[in-house]
Structure formats: structure tokens, C-alpha cells
**Student:** 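Before I ask anything, let me first share the structure, which is written out below as C-alpha cells.
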Amino acid sequence: MGGWLAMTRYILRRAVAILPTLFLITIFGFLVMEAPAGDYVTSYIIREYGHGNTEAARIEDQLREFLALDRPVYERFVTWLARFAQGDFGDSFDLRRPVRDILHDRIGLTLTISLATFAISWGVGIPLGVYSATHQYSKADNFLTTVTFVGLGLPDFLLALAFLILGWQLTGEVLTGLQSVEYLDQPWSLAKLLDLLKHMIIPVLAVVITGTAWVMRVMRGNLLDQLGKDYIVTLRAKGVPERVIIWKHAVKNSLHPLIAALGQTLAWLINGFTITSIVLELPTIQTVYLNATLQQDVYLAGTILILIGVLVLIGTLMADIILAWMDPRIRYE
């Protein structure tokens, strides 16, 4: 009972400590979007000039007033923060839609791809890392190590391009996006779900290769380090079965660095594989975030940046809780 109370107090303390950090992230996210010279109207006029429209400059002041960009930064931040606290993240300058609606439209497919790649990468990478470490310098280990270096060296967008060409040669279809044209505005059905899964193969496979290589490499290195520790030698001397030593003790301790990276891993669910999303024309948050940043769409880009920061905080809190639960050497006090 005392252990559960100590853990509960530990979780509450860590959660409360997040609040001031969250406020600082909100300020930082807004100011980062405001930092570049000019604003959205400046970017808009430059784009219009590029399209041959010279009339846009004549309404520059009206546009800036309409979008409230003529107000001081601190005033716009306070107004936005008050709306943000109520769940209203403002409107996108470029897309002319509420930011909340844009995120709602994109978050589902983004998390579908991200969670699929995360689950496969960790689910495959950890066992392969364990096998590679426990069969060090064998032919299988050498093969897996080579594959790992290749996977780490090849960017996922390059793999996506290669798979895109291969898919076109095999099926005659260019599998960009996440839906075929005939299913875009259709209600969900079994046929639409199968079409989605068909289009997900290329992005998931491309990102899984690089992700699995990283997880496998980290797991192999951590486990080799653990297998050389004195407590492993002691357990073997006591006659503990090798399988118990590996899976109950060494593997458990080897997972710590991976769990500690959970904060960055959760943020990756939103801001990972951006170039791959652009190459494959995926309707994900990553492409929206990049475009919003380039066009200085402050409320849209700032909201996504804050979302990424929040995921880092949540992931870090989860990592602290899991590590404290797994390792009795970590004190709650």
C-alpha cells in the first residue's frame, strides 16, 4: 500500500512540475513563429507577385488589419492564449479554416501511420536486437548488423521513392496519398479501408526500416553492455537458467534507454517523417506544419509546435513513471 501511495505522490509531483514548463512552451511556440522578418501578409504578397498579381500590394494594410496583424505581438499573444485555454486555437490565415478543424481532419491518419510504424519498429527491433546480442559475431549477427547500418544510413524518404517506383512497376498504380481518388469523399466501407491499407504499405514500410534499424541497434548495444556486468556473472555462477538471465534481468535493464527516449518518440508521432509525407503527398499534420511554418501562418504552426512540446512532456512523464515502476533503485522521493 505504501508503495502505491509513494508512486501516486511521485506522479502528482511530476505532473504539477509540467505546468510551468507547458506555459513556457506556449510562449516559446508563439514567439518562434513570430521571430522571422515580416508576417503572413508579407509572404502572401511575395507569392502573389510570383503569380503575376501586382494588385495584392495595394490591399496590404487592409489584409494586415483584417488578420489583426497590425496589433502588437503581446496583445495578439494574450488574445490567442485566452482563446487557446478554451480550446479555440484561432484560424489559419492561409487555409481560412479554424486550426482545430484542420488538426481534427489530419490527426487520425497521422496517428494511424505513426502508431503502426512505432508498433512494428519496436515489436520487431527489440527481439532482433536481443537475438543479435545473444549471438554476437555469428553469421546472423553480422547479417543483422549490416542490415542495421544500411537502414540507419538510408533516409526514409529515399526508401519511399524506391518503393513507390517498385509499386508502380508491380501494380501499374502510383500509390501516393492515402486514398484513391474514387474513395476521397466516400463514407467509410470495407473497400475504402482496404484501399487505405494498400496506400499505407509504402510509407509504413519505408519508415519502419529506419525505425527498426535504430531500435535494433540500441537494443543490441544495451544488452551487450548488460551481459558484461558483474550481476550477470553472479547469476550464472548461481546456476540461474540462461533464458531467465537474459529475459528477466538483462533485457529488462536494457530497455531503460529506449524508455527514456519515450518523450522524443511521442513527439515523433506528430513531426516525424515530414519529407516522406511530402514525397508521397500524405494528408498528415507534417505537411500542414511545414507549409504553415514557411508561410508564417502563426496560429496553425504555433499550435502544432505547442502540441509537439506537450507530447515531449507527456512522453517524459510516462518514461519517468515506467522507469520508476520497473526499477526499484529509482526512488519516488
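Starting from 1, each residue takes its place in the sequence as its number.
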**Student:** May I ask you to decide if the ring planes of F77 and W80 are parallel, tilted or perpendicular, using 30° and 60° as cut-offs?
**Tutor:** tilted
**Student:** Is any side-chain heavy atom of R217 closer than 4.5 Å to one of T145?
**Tutor:** yes
**Student:** As a test of understanding, state which of L305, L95, N291 forms a side-chain contact (heavy atoms from CB on, under 4.5 Å) with L300.
**Tutor:** L95
**Student:** Starting from the C-alpha separation in whole Å, work towards a yes-or-no answer on side chain to side chain contact (heavy atoms under 4.5 Å, CB included) for E242 and T134.
**Tutor:** CA-CA 10 Å; E242 188 69 13; T134 53; over 6 Å; no
**Student:** What pair of heavy atoms forms the shortest contact from I107 to I285, and how long is it?
**Tutor:** CD1-CD1, 3.4 Å
**Student:** Do the side chains of I308 and L115 join up, straight or via other hydrophobic residues, at under 4.5 Å, putting them in one cluster?
**Tutor:** yes
**Student:** Hey, what do you get for NZ (K252) to CG (L223), rounding to the nearest 0.5 Å?
**Tutor:** 15.0 Å
**Student:** Closest heavy-atom contact between R76 and L69?
**Tutor:** NH1-CD2, 3.7 Å
**Student:** Take T284 and S277 through the side chain to side chain donor-acceptor pair (under 3.5 Å) test and state the conclusion after the steps.
**Tutor:** CA-CA 7 Å; T284 59; S277 296; 3.2 Å; yes
**Student:** Atom NE2 in H199, atom CG in L178: separation rounded to 0.5 Å?
**Tutor:** 7.5 Å
**Student:** Does the distance from a Lys or Arg side-chain N to an Asp or Glu carboxylate O, for D195 and K192, drop under 4.0 Å?
**Tutor:** no
**Student:** Does a side-chain heavy-atom distance below 4.5 Å link L258 with L255?
**Tutor:** yes
**Student:** Taking the side chain as C-beta and beyond, is there a heavy-atom pair between I245 and I232 under 4.5 Å?
**Tutor:** yes
**Student:** Please report the closest heavy-atom contact between L282 and P203, naming both atoms and the distance.
**Tutor:** CD1-CB, 3.9 Å
**Student:** For K229, look at atom NZ and say whether over 12 heavy atoms of other residues, nucleotides or ligands are found less than 6.0 Å away.
**Tutor:** yes
**Student:** Apply side chain to side chain donor-acceptor pair (under 3.5 Å) to S92 and R97, showing your working.
**Tutor:** CA-CA 5 Å; S92 167; R97 294 181 60 200; over 6 Å; no
**Student:** Could you pull out the closest heavy-atom pair between L152 and T210, with the gap in Å?
**Tutor:** CD2-O, 4.3 Å
**Student:** Salt bridge check: are R64 and D39 linked by an N-O gap of less than 4.0 Å?
**Tutor:** yes
**Student:** Nearest 0.5 angstrom please: T148 OG1 to F143 CZ, how far?
**Tutor:** 9.5 Å
**Student:** Checking D91 against V99 for the side chain to side chain contact (heavy atoms under 4.5 Å, CB included) test, could you report, in this order, the C-alpha distance in whole Å, the side-chain angles of both residues, the deciding distance, and whether it holds?
**Tutor:** CA-CA 5 Å; D91 296 332; V99 171; 5.8 Å; no
**Student:** Does D94 pair with R47 as a salt bridge, N-O distance under 4.0 Å?
**Tutor:** yes
**Student:** Taking T287 for the side chain and P283 for the main chain, is one N or O donor matched with an acceptor at less than 3.5 Å?
**Tutor:** no
**Student:** Under a 4.5 Å cut-off applied to non-hydrogen side-chain atoms, are L164 and T176 in contact?
**Tutor:** yes
**Student:** Roughly how far apart are I259 CD1 and I321 CD1, rounded to 0.5 Å?
**Tutor:** 12.0 Å
**Student:** Is L235 reachable from V233 through a run of hydrophobic residues whose side-chain heavy atoms are each under 4.5 Å from the next?
**Tutor:** no
**Student:** Would you confirm whether D225, through its side chain, and G221, through its main-chain N or O, come within 3.5 Å as a donor-acceptor pair?
**Tutor:** no
**Student:** Dump the intermediate steps for side chain to side chain donor-acceptor pair (under 3.5 Å) on Y231 and N253, then the final yes or no.
**Tutor:** CA-CA 12 Å; Y231 78 93; N253 291 329; 2.9 Å; yes
**Student:** Using 0.5 Å steps for rounding, measure from the CD atom of Q296 to the OG atom of S43.
**Tutor:** 4.0 Å
**Student:** Would you call L196 and W188 a side-chain contact if the rule is heavy atoms closer than 4.5 Å?
**Tutor:** yes
**Student:** Please name the pair of heavy atoms, one in M216 and one in L144, separated by the smallest distance, quoted to 0.1 Å.
**Tutor:** CE-O, 3.6 Å
**Student:** Taking the side chain as C-beta and beyond, is there a heavy-atom pair between F89 and L103 under 4.5 Å?
**Tutor:** yes
**Student:** For L227 versus A133, what's the shortest heavy-atom pair and its separation?
**Tutor:** CD1-O, 4.4 Å
**Student:** Decide yes or no on side chain to side chain contact (heavy atoms under 4.5 Å, CB included) for Q286 and R106, but give the supporting numbers first.
**Tutor:** CA-CA 9 Å; Q286 290 90 331; R106 300 270 179 157; over 6 Å; no
**Student:** Count the heavy atoms of every other residue, nucleotide or ligand shown that sit under 6.0 Å from CZ of R83, and state whether that count exceeds 12.
**Tutor:** yes
**Student:** Check whether the ring centres of F273 and W268 lie less than 6.0 Å apart, and answer yes or no.
**Tutor:** yes
**Student:** Nearest 0.5 Å, please: how far is CZ in F163 from CG in L161?
**Tutor:** 11.0 Å
**Student:** Indicate if L109 and I120 have the same hydrophobic cluster label, given that clusters are the connected sets of ILVMFWY residues with side-chain heavy-atom separations under 4.5 angstrom.
**Tutor:** yes
**Student:** Taking side chain as C-beta onward, heavy atoms only, is Y183 less than 4.5 Å from S180?
**Tutor:** yes
**Student:** Is there a side-chain contact between Y40 and L67, using heavy atoms and a 4.5 Å cut-off?
**Tutor:** yes
**Student:** If hydrophobic clusters are built by linking Ile, Leu, Val, Met, Phe, Trp and Tyr wherever their side-chain heavy atoms come under 4.5 Å apart, do I278 and V204 end up in the same one?
**Tutor:** no
**Student:** Run I46 and T42 through side chain to side chain contact (heavy atoms under 4.5 Å, CB included) and show every step you take.
**Tutor:** CA-CA 6 Å; I46 291 174; T42 306; 4.2 Å; yes
**Student:** Going hydrophobic residue to hydrophobic residue with side-chain gaps under 4.5 angstrom, can you get from F149 over to L224?
**Tutor:** no
**Student:** Can you check whether S114's main-chain N or O pairs, donor with acceptor, with T117's side chain at less than 3.5 Å?
**Tutor:** yes
